[in-house]
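For the single chain, residues carry numbers from 1 onward in sequence order.
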Amino acid sequence: MVDLNYDFSMNQLQNRLATFKDWPFTEETGSSCTAEKMAEAGFFHSPNDRDADIARCFVCFKELEGWEPEDNPMEEHKSHSPKCEFLLLNKKEADWTVEDFLELETKRQINRMHKIIELKTKEYKELAEHVKTEMEKLV
C-alpha cells in the first residue's frame with residue numbers, strides 16, 4: 001500500500017532532493033534524469049521492495065517508475081499528470097508567494113484525501129470479494 005503519511009516538508013526542494021540518496025542517474029553519467037531535476041519537477045524518491053526507482057509528486061501523488069537516463073522529469077510529469085497544481089503554478093520555489101504555498105498545500109491535502117479514499121475503497125472491495133468467496137464455500 002502507498003504510504004501517504006510522509007512528512008509535509010516535501011514541499012521544499014531541498015527536502016525532496018535529500019530523498020534521492022541512492023538515485024542512479026547523475027550528471028557524471030550523462031543523464032538528464034538527475035536527482036536535482038527530479039526534485040525540481042516536484043518529485044521525491046519513494047522506493048519500495050519491488051521498484052527502486054519510484055518517484056512521487058508531492059502535490060498530485062502521481063507515481064512514476066522505470067526511469068531512463070534520457071528522461072526529462074518535468075516533461076514526464078507533464079505528460080502523466082497534466083493537471084498537477086504544482087505544474088500549473090509554473091514557478092520556481094524561490095518565487096512562490098505565501099498564497100501560492102497555501103494554495104498548493106490545500107490542493108495537496110485534497111489530493112491526499114482522494115488517494116486515501118481510493119485506496120480504502122480498493123481495500124474494501126477486495127475484502128468484500130474475499131468474504132463473498134468464503135460465504136459461497138459454505139453453501
Taking the side chain as every heavy atom from C-beta outward, state whether [X] and [Y] have any atom pair closer than 4.5 Å.
X: Lys37; Y: Ser31; answer: no
X: Met135; Y: Val139; answer: no
X: Glu40; Y: Pro73; answer: no

So which pairs with a foot in residues 79-105 pass side-chain hydrogen bond (donor to acceptor under 3.5 Å, both in side chains), sequence neighbours left out?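 Only Glu85-Asn111, Lys91-Asp100, Thr97-Asp100, Glu105-Arg108, Glu105-Gln109 qualify under side-chain hydrogen bond (donor to acceptor under 3.5 Å, both in side chains).
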First locate atom [atom1] of [X], then atom [atom2] of [Y], and finally report the distance between them rounded to the nearest 0.5 Å.
X: His45; Y: Asp53; atom1: NE2; atom2: CG; result: 6.5 Å
X: Glu70; Y: Cys33; atom1: CD; atom2: SG; result: 9.0 Å
X: Arg50; Y: Glu65; atom1: CZ; atom2: CD; result: 8.0 Å
X: Lys120; Y: Glu123; atom1: NZ; atom2: CD; result: 4.5 Å
X: Phe43; Y: Glu63; atom1: CZ; atom2: CD; result: 10.5 Å
X: Glu76; Y: Asn72; atom1: CD; atom2: CG; result: 7.5 Å

Could you list the residues that satisfy side chain to side chain contact (heavy atoms under 4.5 Å, CB included) with Met113, not counting sequence neighbours?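 For Met113 the side chain to side chain contact (heavy atoms under 4.5 Å, CB included) partners, ignoring immediate neighbours, are Ile116.
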Are any side-chain N or O atoms of [X] and backbone N or O atoms of [Y], one a donor and one an acceptor, separated by less than 3.5 Å?
X: Asp71; Y: Glu68; answer: yes
X: Thr34; Y: Thr26; answer: no
X: Arg16; Y: Met10; answer: yes

Parallel, tilted or perpendicular: which one describes the rings of Trp67 and Trp23, with boundaries at 30° and 60°?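 Trp67 and Trp23: perpendicular rings.
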Considering all heavy atoms of both residues, which atom of Met38 and which atom of Ala55 are nearest to each other, and what is their separation?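 In this case the closest contact between Met38 and Ala55 is CE-CB, 3.4 Å.
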So which heavy atom on Pro47 is nearest to which on Ala52, and how close?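 Heavy atoms only, the tightest pair is CB-O, 3.5 Å.
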Take Gln12 and Asn15 through the side-chain hydrogen bond (donor to acceptor under 3.5 Å, both in side chains) test and state the conclusion after the steps. CA-CA 5 Å; Gln12 295 180 339; Asn15 296 338; 3.0 Å; yes
Membership question, hydrophobic clusters at under 4.5 Å side-chain separation (ILVMFWY): are Leu88 and Phe101 in the same one?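 No, Phe101 does not connect to Leu88 through the hydrophobic network.
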Look at the side-chain heavy atoms of Ile, Leu, Val, Met, Phe, Trp and Tyr, link any pair under 4.5 Å apart, and say whether Leu17 and Phe44 land in one connected group.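 No.
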